[in-house]
Amino acid sequence: MIRGWLFALLAVLPIGALAECRLALTLALDVSSSVDAREDALQRGGVVAALTSPEVIDAFFAVDQPVALSVYEWSGRYQQDLLLDWTLIDSRRALVEAAETIAGTRRKHADFPTAMGYALGFGARLLERAPNCLRHTLDMSGDGQTNEGFGPSEAYRAFPFADVTVNGLVVNAADFEGEIGLIAFYRAEVLHGPGAFLEIANGFEDYERAMRRKLEREVLPPRLGGQFQPVGPKG
């Protein structure tokens with residue numbers, strides 16, 4: 001009797017009501033050898049500032065259902081390090097604490113090449129153990145193309161990306177040779193899944209602005225009927 005009642009209840013509940021969160025989002029930060037110490041500080045600080053900006057805070061808490069967040073850095077084929085493990089951003093305090101955790105990290109590697117395929121594979125495995133969320137997104141930042149191991153297209157075939165959207169943030173540094181080629185590479189090779197988009201930073205000095213714009217777009221919930229019901233942040 002109880003089992004039948006439970007099945008009937010599950011049948012009428014909207015799918016979203018069964019999920020723990022609306023989005024599992026992992027941020028992948030490039031710390032390959034082309035990124036010097038000053039640029040890494042701008043990148044890391046830019047993520048922290050973007051996460052705690054008013055626009056992004058409003059996006060995180062636009063609706064009641066939270067976002068799950070994780071962050072990792074990547075460079076060579078075996079150099080991927082978790083900076084923030086999966087954290088449910090269900091209050092303003094949780095978001096600030098996540099940003100503080102990232103602010104307290106230091107890069108573990110500085111002299112390895114750009115193995116983007118391996119970095120994507122690490123992100124896919126990380127998303128496999130994310131909380132139960134409606135959508136899954138990987139946010140790939142970088143200032144160069146793959147120069148070690150396999151590329152993004154091979155990663156998308158080899159790892160579980162069927163239900164994952166991969167967005168890109170190109171750091172279009174002024175001294176990078178062939179920066180137009182880098183943007184084309186991200187558009188053709190990195191972006192993956194429905195609704196994937198690219199944000200461009202004009203050098204690492206512009207990283208915070210680009211990350212803020214991208215996070216706001218990523219964490220805002222999809223609009224149903226042209227609108228969603230906003231709620232204020234808790235905590």
Side-chain angles (χ1 to χ4, degrees), residues 6 9-29 47 50-53 55-74 80 82-99 101-102 119-141 152 155-156 158-169 190-199 211-225 227-235:
L6 178 59
L9 177 62
L10 292 176
V12 299
L13 282 174
I15 294 175
L18 305 178
E20 187 177 354
C21 47
R22 71 178 189 265
L23 171 68
L25 173 65
T26 188
L27 311 182
L29 310 182
V47 171
L51 283 171
T52 55
S53 67
E55 302 94 324
V56 173
I57 291 173
D58 287 347
F60 265 98
F61 301 107
V63 295
D64 229 350
Q65 203 170 27
V67 171
L69 179 68
S70 66
V71 183
Y72 67 99
E73 63 183 26
W74 62 276
Q80 302 97 30
L82 195 60
L83 306 181
L84 177 73
D85 206 349
W86 286 114
T87 301
L88 201 62
I89 307 301
D90 54 2
S91 69
R92 184 185 295 268
R93 178 180 294 277
L95 182 55
V96 170
E97 289 178 350
T101 296
I102 299 164
L120 287 166
F122 181 88
R125 296 304 189 197
L126 184 60
L127 283 162
E128 277 194 314
R129 64 174 186 81
N132 178 29
C133 298
L134 294 174
R135 297 182 293 126
H136 298 80
T137 295
L138 194 159
D139 187 334
M140 175 62 65
S141 298
Y156 294 144
F159 294 96
F161 277 98
D163 299 316
V164 176
T165 295
V166 180
N167 297 325
L169 194 163
V190 179
L191 300 188
H192 174 82
F197 68 94
L198 180 67
E199 192 69 45
M211 178 59 76
R212 184 175 67 247
R213 280 172 51 91
K214 188 142 79 77
L215 282 171
E216 184 180 5
R217 182 171 172 180
E218 283 170 332
V219 303
L220 273 173
R223 288 172 168 82
L224 297 177
Q227 62 181 354
F228 54 82
Q229 296 298 317
V231 296
K234 298 176 286 184

When every non-hydrogen atom of F61 is compared with those of D90, the smallest separation belongs to CE2-C, 4.0 Å

Smallest heavy-atom separation, H192 atom then A196 atom, equals O-CB, 3.5 Å

Smallest heavy-atom separation, A24 atom then A130 atom, equals CB-CB, 3.8 Å

Exercise. Do the side chains of P152 and M140 get nearer than 4.5 Å, heavy atoms only?
Worked result: no

> Hey, is R213 close enough to E216 for a salt bridge, meaning N to O under 4.0 Å?
Replying inline: no

Looking only at heavy atoms, the pair that brings R135 and L220 closest together is NH2-O, 4.0 Å

Contacts of E97 meeting salt bridge (Lys or Arg N to Asp or Glu O under 4.0 Å) (sequence neighbours excluded), chain-then-number -> none

Exercise: do T26 and S70 side chains pair donor with acceptor under 3.5 Å:
yes

By ring-ring contact (aromatic ring centres under 6.0 Å, His included), F122 pairs with (sequence neighbours left out) Y72

| request: Would you check if R129 and D85 make a side-chain contact, meaning some heavy-atom pair closer than 4.5 Å? | output: yes

- Task: Evaluate side-chain contact (heavy atoms from CB on, under 4.5 Å) for Q80 paired with L126, printing each intermediate quantity in order.
- Result: CA-CA 11 Å; Q80 302 97 30; L126 184 60; over 6 Å; no

- Taking the side chain as every heavy atom from C-beta outward, state whether V219 and T137 have any atom pair closer than 4.5 Å. no

Practice task
Please examine the side chains of I102 and L51, heavy atoms only from C-beta on, and report whether any two atoms are closer than 4.5 Å.
Solution key: yes

Residues at least two apart in sequence or cross-chain that pass side-chain contact (heavy atoms from CB on, under 4.5 Å) with A124, listed by chain then number, are F159, P160, F161

inquiry  = Are F197 and T165 packed together at the side-chain level, in the sense that at least one heavy-atom pair is separated by less than 4.5 angstrom?
reply    = no

Here the pair of heavy atoms bringing A94 nearest to I89 is O-CD1, 3.9 Å

*Is E218 close to L215 at the side-chain level, that is, under 4.5 Å between some pair of heavy atoms?*
yes

ask   = L83 versus L29: any side-chain heavy-atom pair under 4.5 Å?
value = yes

Are any non-hydrogen side-chain atoms of L169 and N167 less than 4.5 angstrom apart?
no

Between V63 and R22, the two heavy atoms sitting closest are CG2-NH1, 3.6 Å

